[in-house]
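A short write-up of the structure that comes next.
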Amino acid sequence: MALGAVQFHPADDFDDGTRIPIAEFLLRLRQIGIVDRQILAALEAVPRSLFLDGEARHGPLFAERPQPIACGQQNTPPIIVARMLKALALTGRERVLDVGTGTGYLAAVLSMSVRHVYTVERFRTLAGAAEARFAAIRSDSITSVFGDGIHGWSEKAPFDRIVTTASAPQPPKYLIDQLAPHGVMIMPVGPADGLQMLTRFQRVDRSIESTPICPVRFVPVIPGKAVRL
């Protein structure tokens, strides 16, 4: 769903007391150079409180550090989501693969600015909860699945953009291979137990060009579906 085709109005449907926090958050984004109106509008349109989980519900709505969610995972801070959106350089026509659905917040924000989002989550608990949230915002441009995100989603490939919210020492070949020509992938790269670099990878002819975005700390990629959660 491109931004101009928004079909829900969170300000009306979700009275979550976010008007002041979202205004402060958008000001913070402008201060760090994120001024694109489409990005700011997408972040403002998605009801942040709906996508908080666990202990995060009792903290700041727009915390700048990852917060714990179910299944031992962490959410992606909205400020990092904004940096990802800027690096993706979206036009509104893209098909996007989101690896690691988590609470579904990133997929929801992406859906405001692209043609369609395909999101994969290895934890059945998280996948189910995210689907309920997508239904609550009445989004028709998100397709979610419980599966092994490290292998991407070959049946839906190629993708114009890929975003993964789990780190790896280097970008997985399965994901790189599913990028369309001139496609872009955003992924944290680095050690599982240390500082990583959120990195932009772009397919250019037969090579992949990489550009660092900012230091981050994300949970590592785990192959396969979770057995119990």
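Because only heavy atoms are used, hydrogens play no part in the values below, and waters and symmetry mates are left out as well, while side chains stay in.
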### Task
State, yes or no, whether a side-chain contact exists between Leu43 and Leu29 at a heavy-atom distance under 4.5 Å.
yes
### Query
Once you round to the nearest 0.5 Å, how far does NZ of Lys86 lie from CD1 of Ile213?
10.0 Å
### Summary
dist Asn75:CG -> Ile80:CD1 (nearest 0.5 Å) comes out at 11.0 Å
#### Entry: More than 12 heavy atoms of other groups within 6.0 Å of Tyr174 OH
no
### Query
Are the side chains of Gln202 and Ile208 in touch, meaning some heavy atoms are under 4.5 Å apart?
no
### Message
Applying a strict under-4.5 Å side-chain criterion to I, L, V, M, F, W and Y, I'd like to know whether Val221 and Leu175 cluster together.
### Response
yes
### Query
Do the side chains of Trp153 and Leu110 join up, straight or via other hydrophobic residues, at under 4.5 Å, putting them in one cluster?
no
#### Entry: Check: Glu24 side chain, Ile22 main-chain N or O, donor-acceptor pair, under 3.5 Å
no
### Message
Using a 3.5 Å distance criterion without hydrogens, assess whether the side chain of Gln178 forms a donor-acceptor pair with backbone atoms of His151.
### Response
yes
### Message
Membership question, hydrophobic clusters at under 4.5 Å side-chain separation (ILVMFWY): are Val109 and Tyr118 in the same one?
### Response
no
### Task
Take the angle between the ring planes of Phe51 and Phe134 and call it parallel below 30°, perpendicular above 60°, tilted in between.
tilted
### Task
For Gln38 and Asp36, indicate whether the former's side chain and the latter's backbone hold a donor-acceptor pair under 3.5 Å.
no
### Task
Could you tell me whether a side-chain N or O of Glu121 sits under 3.5 Å from a main-chain N or O of Gly102, the two making a donor and an acceptor?
yes
#### Entry: Check: Leu50 main-chain N/O paired with Arg133 side-chain donor or acceptor under 3.5 Å
yes
### Task
Apply side-chain contact (heavy atoms from CB on, under 4.5 Å) to the pair Phe25 and Leu61, showing each step before the final yes or no.
CA-CA 9 Å; Phe25 174 60; Leu61 284 175; over 6 Å; no
### Residue pair Thr165 / Met84, side-chain heavy-atom distance below 4.5 Å
yes
### Query
How many angstroms lie between OG1 in Thr91 and CZ in Arg161, if you round to the nearest 0.5 Å?
6.5 Å
#### Entry: Non-hydrogen atoms of Met187 and Ala166 that approach each other most closely
CE-O, 3.6 Å
### Query
So, for Arg28 and Glu64, which heavy atoms are closest and what is the spacing to 0.1 Å?
NE-OE2, 2.9 Å
### Query
Roughly how far apart are Thr143 OG1 and Asp98 CG, rounded to 0.5 Å?
12.0 Å
### Query
Is it true that a side-chain atom of Asp148 and a backbone atom of Lys225 form a donor plus acceptor pair closer than 3.5 Å?
no
### Query
With the 4.5 Å side-chain cut-off for hydrophobic clustering, are Leu26 and Ile79 part of the same group?
yes
### Query
Under 3.5 Å, side chain of Ser144 to main-chain N/O of Glu131, donor-acceptor pair present?
no
## Note on the structure
Minimal heavy-atom distance between Ala107 and Ile142, with the atoms involved, is O-CD1, 3.8 Å
### Interatomic spacing from OG1 in Thr211 to CG in Leu198 - rounded to 0.5 Å
11.5 Å
### Message
Do Leu85 and Phe201 land in one hydrophobic cluster if side-chain heavy atoms of ILVMFWY residues count as linked below 4.5 Å?
### Response
no
### Query
Heavy-atom distance under 4.5 Å between the side chains of Pro77 and Pro66, does that happen here?
yes
### Given Val99, Thr76, Val81, Leu88, the one that forms side chain to side chain contact (heavy atoms under 4.5 Å, CB included) with Val163
Leu88
### Closest approach of Gln67 to Pro60 (non-hydrogen atoms, all atoms of both residues)
NE2-O, 4.0 Å
### Message
Test side-chain contact (heavy atoms from CB on, under 4.5 Å) on Arg83 and Ile32; report intermediate values, then the result.
### Response
CA-CA 10 Å; Arg83 290 185 182 276; Ile32 63 173; 3.7 Å; yes
### Query
Do Leu52 and Thr103 pass the side-chain contact (heavy atoms from CB on, under 4.5 Å) test, and can you show the C-alpha distance, the side-chain angles, and the key distance before you say yes or no?
CA-CA 7 Å; Leu52 293 178; Thr103 65; over 6 Å; no
### Task
Look up atom CD1 in Ile186 and atom OG1 in Thr199, then write down how far apart they are to the nearest 0.5 Å.
8.5 Å
### Task
Output yes when a side-chain donor or acceptor of Thr101 lies under 3.5 Å from a complementary backbone atom of Ala127, and no otherwise.
no
### Query
If every non-hydrogen atom of Pro188 is compared with every non-hydrogen atom of Val216, which pair is closest and at what distance?
CB-CG2, 3.8 Å
### Side-chain donor/acceptor of Arg95 to backbone N/O of Lys156, under 3.5 Å
yes
### Query
Do Val46 and Tyr105 touch side chain to side chain, with heavy atoms closer than 4.5 Å?
yes
### Task
List the atom of Ser141, the atom of Arg115, and the distance in Å for their closest heavy-atom pair.
CB-O, 3.8 Å
### Query
Donor-acceptor pair, Asp53 side chain versus Ile69 backbone, under 3.5 Å?
no
### Query
Is the number of heavy atoms from other residues, nucleotides or ligands within 6.0 Å of CZ (Arg203) greater than 12?
yes
